[in-house]
Amino acid sequence: MSSDTVYQRNSMFRMQFEKAQDCHVLLYPEGMVKLSESAAEILMQFDTPSSVETVISRLEDKFPGVDLADDVNEFVEVACDKKWLEAC
């Protein structure tokens, strides 16, 4: 995984806030995945094609003083393995 690779959310998954669950979820034909607040925040950054580097920059602007690079990189790796994100 390269920080300049551009990813977007896989169109097989629909992300939405689920009031009954009180969290964001990913819906797909076989079921649903409940997301933590931080996972949802990162995944929302990939609504449009974005590089990991760009997402880190956006999130660090939104949450100043916090180094998020390791967390974002780790999440993107997991999200790609689970097919939530795909390279463009």
Side-chain angles (χ1 to χ4, degrees):
M1 178 182 73
S2 171
S3 64
D4 60 348
T5 300
V6 174
Y7 297 94
Q8 67 182 13
R9 198 170 60 241
N10 185 332
S11 62
M12 296 268 309
F13 295 89
R14 189 179 79 204
M15 187 174 167
Q16 69 183 42
F17 187 81
E18 191 66 44
K19 289 180 186 178
Q21 304 290 331
D22 193 32
C23 66
H24 280 90
V25 297
L26 276 180
L27 300 172
Y28 58 103
E30 296 84 26
M32 175 181 77
V33 177
K34 289 173 64 172
L35 299 170
S36 68
E37 284 185 46
S38 57
E41 190 69 47
I42 296 168
L43 204 50
M44 280 190 270
Q45 300 298 315
F46 291 99
D47 282 349
T48 58
S50 301
S51 70
V52 175
E53 189 174 281
T54 299
V55 167
I56 291 168
S57 178
R58 281 189 216 137
L59 290 172
E60 287 182 345
D61 286 347
K62 189 171 182 176
F63 303 100
V66 181
D67 181 5
L68 298 171
D70 290 343
D71 292 334
V72 172
N73 280 307
E74 183 179 321
F75 177 83
V76 168
E77 188 173 321
V78 169
C80 287
D81 287 345
K82 292 182 180 282
K83 309 288 190 243
W84 300 345
L85 292 176
E86 56 189 2
C88 296

- Message: Evaluate Ile42 against Leu68 for side-chain contact (heavy atoms from CB on, under 4.5 Å), listing each step before the verdict.
- Response: CA-CA 10 Å; Ile42 296 168; Leu68 298 171; over 6 Å; no

- Would you please test Asp22 and Phe17 for side-chain contact (heavy atoms from CB on, under 4.5 Å) and show each step? CA-CA 7 Å; Asp22 193 32; Phe17 187 81; 3.6 Å; yes

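Leu43 and Leu27 fall into different hydrophobic clusters, where Ile, Leu, Val, Met, Phe, Trp and Tyr side chains are chained together by heavy-atom contacts under 4.5 Å. Val78 and Val25 are not part of a single hydrophobic cluster, where members link through side-chain heavy atoms under 4.5 Å apart.
Nearest heavy atom pair, residue Ala39 against residue Ser36, reads N-OG, 3.1 Å. In terms of heavy atoms, Ser50 sits closest to Gln45 at OG-O, 3.3 Å. The two residues Cys80 and Tyr7 come nearest to each other via the heavy atoms SG-CE2, 3.4 Å. Closest approach of Ser11 and Glu86 over heavy atoms only: N-OE2, 4.2 Å.
The CE atom of Met44 sits 12.0 Å away from atom CZ of Arg58, with the distance rounded to the nearest 0.5 Å. Rounding to the nearest 0.5 Å gives a distance of 9.5 Å between CG of Leu26 and CG of Asn10.
A 4.5 Å side-chain heavy-atom check between Trp84 and Tyr28 finds every atom pair outside the cut-off. Side chains of Met15 and Leu35 form a contact here, defined as non-hydrogen atoms less than 4.5 Å apart. With contacts defined as side-chain heavy-atom distances shorter than 4.5 Å, the pair Leu59/Asp71 does not qualify. Within the 4.5 Å cutoff, side-chain heavy atoms of Ile56 are placed close to those of Asn73.
Sorted by first and then second residue, the pairs that involve residues 32-43 and meet salt bridge (Lys or Arg N to Asp or Glu O under 4.0 Å), not counting sequence neighbours, are Glu41-Lys62.
Other residues, nucleotides and ligands contribute at most 12 non-hydrogen atoms within 6.0 Å of the CE atom of Met12. In Asp47, the CG atom is crowded: over 12 heavy atoms of neighbouring residues, nucleotides or ligands sit closer than 6.0 Å.
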